[in-house]
Structures are given as structure tokens and as C-alpha cells.
Amino acid sequence: MLIRRPTDIAPSEITPQAQYLRRREFMALAAATPLLAGEALAALTGKPSPFSTTEALNTRQQITSYNNFYEFGTSKEDPAANAQRLKTSPWQVAVEGEALKPKVFGLEEILKLAPLEERIYRLRCVEGWSMVIPWIGIPLASLLKVVQPTGKAKFVAFETLLDPQQMPGQRTRVLDWPYKEGLRIDEALHPLTLLAVGLYGEVLPKQNGAPIRLVVPWKYGFKSIKSIVRIRLQETQPPTSWNLAAPNEYGFYSNVNPAVAHPRWSQATERRIGEFFKRKTLPFNGYGEQVAGLYRGMDLQKFF
Amino acid sequence: MLLNHDLAGNTPLLYRCLQHKACWWLLLLTPLLRMVWLVLQGELVNPIEFITHSTGTWALSLLCATLAITPLRQLSGWAGWQRYRRLLGLFAFFYACLHWLTYLWLDQFFALDAIVADLVKRPFILLGMLAFTLLLPLAITSTQGWMRRLKRRWGLLHQLVYPAALLGVLHYLWLVKRDLTTPLLFAAGLALLLGWRLWRWAKPRWGWAR
């Protein structure tokens, strides 16, 4: 079935022709200016997806200047300032563990596994704010299927790059490095679960987790691990960074749930970045229809 | 000393400036003006979070500055510091008011049930409220009239500033998600300011004087 997306490109979003014709000038300038060159990202397009929301997008400026990426500092502005030194090419992702065909993938190989899709998802941070973000990527399932998980693969563990030279935040003990995350295999194989490589029609900016990150839209943002270098299929539930840091505050599941408060603040409402009034937070961040079935019969107060 | 007259008898600019209360007002309003400017610029991604954090840290900073006046006077031997203590204290209270209003209005939109639930469930909000409540009588009785009326009890009452500052720092320590650096800096500063007083108080009593 072909589900068409409404044509929602405002005339203001289209590059004026005069500016378009001067693009080479811009590229030359970008190449000559190191700082600008870091900002000039290659274009990347994905086909529209029926999973995309039609809600108003947050601006690129908002999405790329307000980040939690503790490898580059603990304030929201730190990642945009400090992540530019990260070398994202060449990049490899080792997919290993309980798989018939474990493999180390180069980033380019991953990009060829499935057609790139644009997925416009809500992102709800555990801190109580949210954004609407146009990611570009492939379903995680299309990568996992290539390595053929065995029957013992009950969980998937993810790891971020460990390199204190490039990631100054890793020189502090603020979290137990490298950053670790995990999903149950059915969560990992769910069609909503995305491996993102792009944002807003461009290659993923470094502060947003370049070159490849996870996006699990029904879970709090910290589950969507950035700059991934290792994916391990395993039988046991893997340890995860925020759970190790504060087990009573951050659970393994961390599904967005307005009914389960963080011990120190309520999760009933959220502030959508750019809005004045707060919104009610939706169970599973509004993706309940697709994912609630994964947790049938589970006590979500206990498995928070 | 920066503030003393130099040998030629000229008054340094900084000193002349600090003699005018207007300069202090301008200085102490700068954080607010900066906040208003940055919010009006429209480039802050989460302006309400910024206002909440800014007003809170300025309330705490100015409270610490108020508490620094007495040690400064004692260390420098210049009694003139004393003239600015009330102004600093009242500005600390002013920023605490803004912080409190930001929570009630921009965070909770005056939803009383949600606020009560927050106070019951979240110790850091309760601590902040308590600190604010302790500052309230101090602000009210800060006038000359109240000083005269309360006589010696005024000084006793105004010792409430110590628990208020302590609660303020605890409030900050408790709410931070993970990185404790800034609240710990405040804790260290406050420990220094209160430690100095304890030292002065204890020295003659415990025979520490050599």
C-alpha cells in the first residue's frame, strides 16, 4: 500500500534560485573556512515514511544546538561546540555475539542495506522537554537480519565510541564510559526502531550522534545511543549507562510513561521546544498503537 | 588596595563608582537585563529553562555575596562594605522571587494541585520553598523602622539567612541530574563563608587563640 505524505514544503523552505546558483561560491568559502567546513554537511535524502508524524517540525537550529551528549560536556550547548573534532570517517560498526554471521560493517555498507527513509519522530527527553525531528536512516532490523541472530539472541547491547582524545567528556567520571544502551530483541526488530545517519536532509551533525545513532521514539531520549561502534546480540539483559548511574531513576525499559514519575520530577507533562504552554505527555510518546503490544502483561510501574 | 586612595590623594574610579547606590543597582540588575535581552533575541532553544536556572543561580550567588560582606569587612578592615549588605540581600530576595514565580507560573501555570503534589513528592522543591519562606521575613524586616522596633531580636531573626542559604544549596544539589560541579562550587563557597564565622566564634571560646 502506498501511503502518500501531504506536500508540506512551505515556499519559504525552498532555496531561492539566486542563492542556489551561487552554491559553488558557498562551497568554496566553506572549504576555505575550517569552522564553516565543519558545518557544511553533505546532502542526504530519504523516502517519506508512513511512520512520520505530520506535527510541526522543530527547527534545525533547535535540534542541533540543544543536545545531551555527555561525551562532549554536560551542558546543552557543549556538544555543538565540542563535537566538531570527532572524526566520523572512516567509521566501523561491529555487529557480534549471538549471530550466525557476525560482521564488522563499514558505514557505507550499512547505508546500502536498505533504502534510506525520512522518519519524522517525536523525541521525548527524560528531563521533560520534547522535539519533532526529521531523521534519515534505515530500520535497525535490516542490519540485524544480515547477521542472522541465533535463538539465543534475546537482547541487543549497544556501545558508543570510547576515545577520550576526541570526546573530552570521557575524561570526567560523570558516567561509566563507554556509553552503553540496550534493547530487548523484539524492541530492536520493531519497524519503528531506526538507525539514523541523517537529519534535516543532511548527513547527521556530530552533536546529534554522527555518523550513526539509534532512534527509539517511544522511549526516553537517552535510550537512543549516539556514535555507535558496537552492537552485540546476547542472551542476557545488558547493563545500560544511566541505569548504572542511578538505578532507582532510570530503568532498562525507560518507555515514555506519564503515569510513572521520575523520583525527582513528574513525567505527566512536557515542554515541546518552541512552545510556551506544556503538553500532556502521551503513553509510549504517542506510539502506543504500534508498541504497547510488546509490553502486554508487564507491570510498567515495576519495569520502568 | 584597590579601594584605598592612592598616594597622590586621587580617588580611584572604582571606588567613586561604588559610592553611588545607582551603580550597585545597575550592576545587580545586569543579570536580569541580560536575561531579558537573551530571551527577546529569540535564539534560546529553551528560554523557560534558561530563566529558571538563571534566576536560581543569581539568587544563590547574591545570597553568598551578602554573606561575604561580614568576612570582607573583617578581613579588609574597611567598614564601608556594611553599607551594601542590605542592597545585596534584597537583590538576592528579588531574584529568589523571580525564580519562585517562574516555577509557579511558567513551569506549573498556577495549577495548585500539581504544585501541592510536587511539594509532597519532591524534596528539592520543598527545600527551595522553605528557603524562600525563610527569606520572606528577612526582606520584610530589612527597613530601618523594623530594625529599631526589633532591637536586639533583629540580629537574631536575621540569622535565618544561614539556614536559608544552606537549604538553597541543598535544593540545587538535589535537583541536578548528574553533573554536580556547579552546586558543589556553591556548597564549597558557602562552607567557606559559614566556616569563617564558626572559626571567629569558636576561637576565643575553645582556646584556639595563640
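Below, read A as the first sequence line, B as the second, and so on, with proteins coming before strands; counting in each chain starts at 1.
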- Message: Looking at B:R152, I'd like to know if its CZ atom is crowded, meaning that more than 12 non-hydrogen atoms belonging to other residues, nucleotides or ligands lie closer than 6.0 Å.
- Response: no
- Counting N and O atoms only, with roles assigned by atom type, does the side chain of A:R264 sit under 3.5 Å from a partner on the main chain of B:V176, one being a donor and the other an acceptor? yes
- Item | Residues B:E49, A:Y66; criterion side-chain contact (heavy atoms from CB on, under 4.5 Å); working and verdict | CA-CA 12 Å; B:E49 179 193 65; A:Y66 188 79; 2.8 Å; yes
- Message: Using side-chain heavy atoms (C-beta onward) and a distance below 4.5 Å, is A:R271 in contact with B:N46?
- Response: yes
- Message: Between A:T74 and B:R178, is there a side-chain heavy-atom distance shorter than 4.5 Å?
- Response: no
- Item | Heavy-atom closest contact (A:M131 atom, B:V45 atom, distance) | CE-CG1, 4.4 Å
- Report the distance from atom CG of A:D78 to atom CG of B:D179, rounding to the nearest 0.5 Å. 9.0 Å
- Message: Testing the basics here: between A:W265 and B:R122, what is the closest heavy-atom pair and its distance to 0.1 Å?
- Response: CA-CD, 3.4 Å
- Might you confirm whether atom CZ of B:R34 has over 12 heavy atoms from other residues, nucleotides or ligands at distances under 6.0 Å? no
- Item | Over 12 non-hydrogen atoms of neighbours within 6.0 angstrom of CH2 in A:W129 | yes
- Taken to the nearest 0.5 Å, the spacing of B:I48 CD1 from A:K278 NZ works out to 8.5 Å
- Item | Segment of A:E77 engaging chain B (4.5 angstrom heavy-atom cut-off) | neither
- Item | Ring-face cation contact, A:W242 with B:K177, 6.0 Å cut, 45° max | yes
- For atom CD of A:Q165, is the number of surrounding heavy atoms from other residues, nucleotides or ligands below 6.0 Å larger than 12? no
- Query: Can the ring centroids of B:F109 and A:F276 be said to lie less than 6.0 angstrom from one another?
  - Reply: yes
- Note on the structure: On a heavy-atom basis, the closest approach of A:Q61 and B:E43 is NE2-O, 4.3 Å
- Item | Which portion of B:L175 sits near chain A, non-hydrogen atoms under 4.5 angstrom | backbone
